[in-house]
Novice: 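Handing you this structure, nothing more for now.
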Amino acid sequence: MKIATFNINGVNKRLDHLLAWLAAAGPDIVCLQELKATDGEFPKAAIEAAGYGAVWRGQSAWNGVAILARGCEPVLTRAALPGDPSDTQSRYIEAAVSGILIASLYAPNGNPRPGPKFDYKLAWHERLKRHAAELFATGLPVILAGDYNVVPEARDIYPTRSYDDNALVQPESRAAFRALLDQGWLDALRKVHPEDRLFTFWDYRRLRWQRDAGLRLDHILLSRKLTRRLKGAGIDREVRGRDGASDHAPVWITLRD
DNA sequence: ATGTCGTGACTATCACGA
């Protein structure tokens with residue numbers, strides 16, 4: 001079974017990219033972020049025609065998350081991250097697919113820092129941590145996949161000083177990600193590729209793709225029950241190189257049956 | 001500070017988020 005996460009940066013703007021990648025990569029479950037579409041604008045018919053059922057939570061202009069499942073309908077379990085009913089941003093959706101509970105998440109970017117955006121980022125991660133602990137404690141097979149907007153370690157970014165003040169690399173941001181690993185979640189990409197340079201995002205500006213000036217922001221975390229099923233993992237970098245591509249590449253893992 | 005995109009205000013640029 002192949003499970004992927006992809007920050008699509010506009011699901012309608014890049015629908016042809018998405019469909020081409022689905023056909024080529026053939027993932028069984030896909031977590032999407034940054035739909036940049038309202039619920040009504042989600043391209044349900046095209047995704048259905050490609051052979052995928054879907055659940056989604058959209059929002060006008062920004063954010064938006066979805067879960068696709070090949071040949072079946074995901075069973076929605078949550079459409080918001082618990083802990084703050086006043087939070088209206090569409091950044092979390094969770095569903096049951098093929099005996100796995102899977103979440104597609106899009107953590108806040110947090111820039112500029114310091115300020116309310118960074119405070120919101122940390123508060124959101126705190127809520128994620130609380131919910132993740134509950135999920136982990138169930139003992140169920142659970143996957144938390146998405147754009148965490150955190151560069152976990154120094155080796156997960158190209159050598160530069162230009163991100164020193166950026167919310168993506170701050171100690172508080174890294175501590176939030178580390179706290180999930182401390183609960184027992186497995187960073188699947190790093191587990192499969194312990195020594196490799198792993199980038200999943202390249203800013204549109206300053207020729208960062210051409211220079212391979214990337215960052216690792218998109219992560220797939222596995223609960224205890226799934227760690228021994230982990231078989232492979234990768235990043236579909238070629239997708240980032242296409243004309244009009246998202247600024248993120250799809251990230252995937254494979255699990256033994 | 002800047003770079004480059006996407007979207008949504010509004011009709012040709014500008015604000016905002018990333």
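We use all heavy atoms of the structure for the numbers below, so side chains are in, but hydrogens, waters and symmetry mates are not. Here is how names work: the chains are called A, B, and so on, in the same order as the sequence lines, proteins then strands, and each is numbered from 1. Small disclaimer: the values here were computed from a predicted structure and weren't measured.
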Novice: Donor-acceptor pair, distance only, cut-off 3.5 Å: does the side chain of A:Thr200 make one with the backbone of A:Asp218?
Specialist: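 Pair found, side chain donor or acceptor close to backbone of A:Asp218.
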Novice: For B:dC14 versus B:dG3, give the span between their P atoms, rounded off to a whole number of Å.
Specialist: 14 Å
Novice: Can a side chain N or O of A:Ser60 be found less than 4.0 Å away from OP1 or OP2 on B:dG8?
Specialist: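 Yes, within the criterion.
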Novice: Would you check if A:Val75 and A:Val97 make a side-chain contact, meaning some heavy-atom pair closer than 4.5 Å?
Specialist: no
Novice: Report the residue (A:Asn9 or A:Glu34) whose heavy-atom-nearest nucleotide on DNA chain B is the more 5′ of the two.
Specialist: A:Asn9
Novice: Take atom NZ of A:Lys117 and atom C1' of B:dG17, then tell me their distance rounded to the nearest Å.
Specialist: 6 Å
Novice: Is the phosphate of B:dC5 approached by A:Arg14 (side-chain N or O, under 4.0 Å from OP1 or OP2)?
Specialist: no
Novice: Does A:Glu238 offer a backbone N or O that forms a donor-acceptor pair with the side chain of A:Asp236 under 3.5 Å?
Specialist: no
Novice: Return the nearest nucleotide to the side chain of A:Tyr204; candidates are B:dG8, B:dG3, B:dT4.
Specialist: B:dT4
Novice: If we take the C1' atom in both B:dC10 and B:dC16, what is their distance in whole Å?
Specialist: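 Between the two C1' atoms, the distance is 15 Å.
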Novice: Taking CZ from A:Arg242 and P from B:dC5, how many angstroms apart are they, rounded to a whole number?
Specialist: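 It is 15 Å, rounded to the nearest whole Å.
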Novice: Suppose you measure atom P in B:dT2 against the same atom in B:dT7; what distance do you get, rounded to whole Å?
Specialist: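 It works out to 24 Å between them.
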Novice: Can you tell me, in whole Å, how much space there is between the P of B:dC5 and that of B:dA1?
Specialist: 22 Å
Novice: Both A:Gly110 and A:Lys13 contact DNA chain B. Which one's nearest nucleotide lies toward the 5' end?
Specialist: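 First, find each residue's nearest nucleotide; the 5'-ward one identifies A:Lys13.
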Novice: Output the rounded distance in Å from CD1 (A:Ile8) to C1' (B:dC5).
Specialist: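 Taking CD1 of A:Ile8 and C1' of B:dC5, I get 14 Å after rounding.
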Novice: With sugar-phosphate meaning primed atoms plus P, OP1 and OP2, does A:Arg91 contact a base, only sugar-phosphate, or nothing at under 4.0 Å between heavy atoms?
Specialist: sugar-phosphate
Novice: I need the NE2-P distance between A:His248 and B:dA18, as an integer number of Å.
Specialist: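 My rounded result for the distance is 11 Å.
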Novice: Without hydrogens or angle criteria, can the side chains of A:Gln59 and A:Thr38 be said to hold a donor-acceptor pair below 3.5 Å?
Specialist: no
Novice: Just how far, in rounded Å, is C1' of B:dA18 from CZ of A:Arg208?
Specialist: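 Nearest whole value for this atom pair: 12 Å.
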Novice: Verify whether the ring centers belonging to A:Tyr148 and A:Phe177 lie closer than 6.0 Å.
Specialist: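 Yes - the distance between ring centres of A:Tyr148 and A:Phe177 falls below the 6.0 Å cut-off.
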Novice: Output the single nucleotide from B:dT7, B:dA18, B:dC5 whose closest atom is nearest the side chain of A:Lys36.
Specialist: B:dT7
Novice: Identify whether any heavy atom of A:Tyr106 sits under 4.0 Å from a base atom; if not, whether one sits that close to sugar-phosphate; answer base, sugar-phosphate or nothing.
Specialist: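 The answer is sugar-phosphate, as A:Tyr106 gets under 4.0 Å only of primed atoms, P, OP1 or OP2.
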Novice: Test the A:Arg91-A:Tyr106 pair against the cation-pi criterion, namely NZ or CZ under 6.0 angstrom from the six-membered ring centroid and within 45° of the ring axis.
Specialist: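 Judged by the rule, A:Arg91 and A:Tyr106 form a cation-pi pair.
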Novice: Rounded to whole Å, how long is the line connecting atom CG of A:Asn166 with atom C1' of B:dT2?
Specialist: 14 Å
Novice: Pick the P atom in B:dT11 and in B:dG6, then give their distance to the nearest Å.
Specialist: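 Their P atoms lie roughly 23 Å apart.
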Novice: How many Å lie between CG on A:Asn63 and P on B:dG8, as a whole number?
Specialist: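 Computing the A:Asn63:CG to B:dG8:P distance gives 12 Å.
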Novice: How close or far is atom P of B:dG17 from atom CG of A:Asp203, stated in whole angstroms?
Specialist: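 My rounded result for the distance is 16 Å.
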Novice: From B:dA18, B:dA1, B:dG17, pick the nucleotide closest to the side chain of A:Trp62?
Specialist: B:dG17
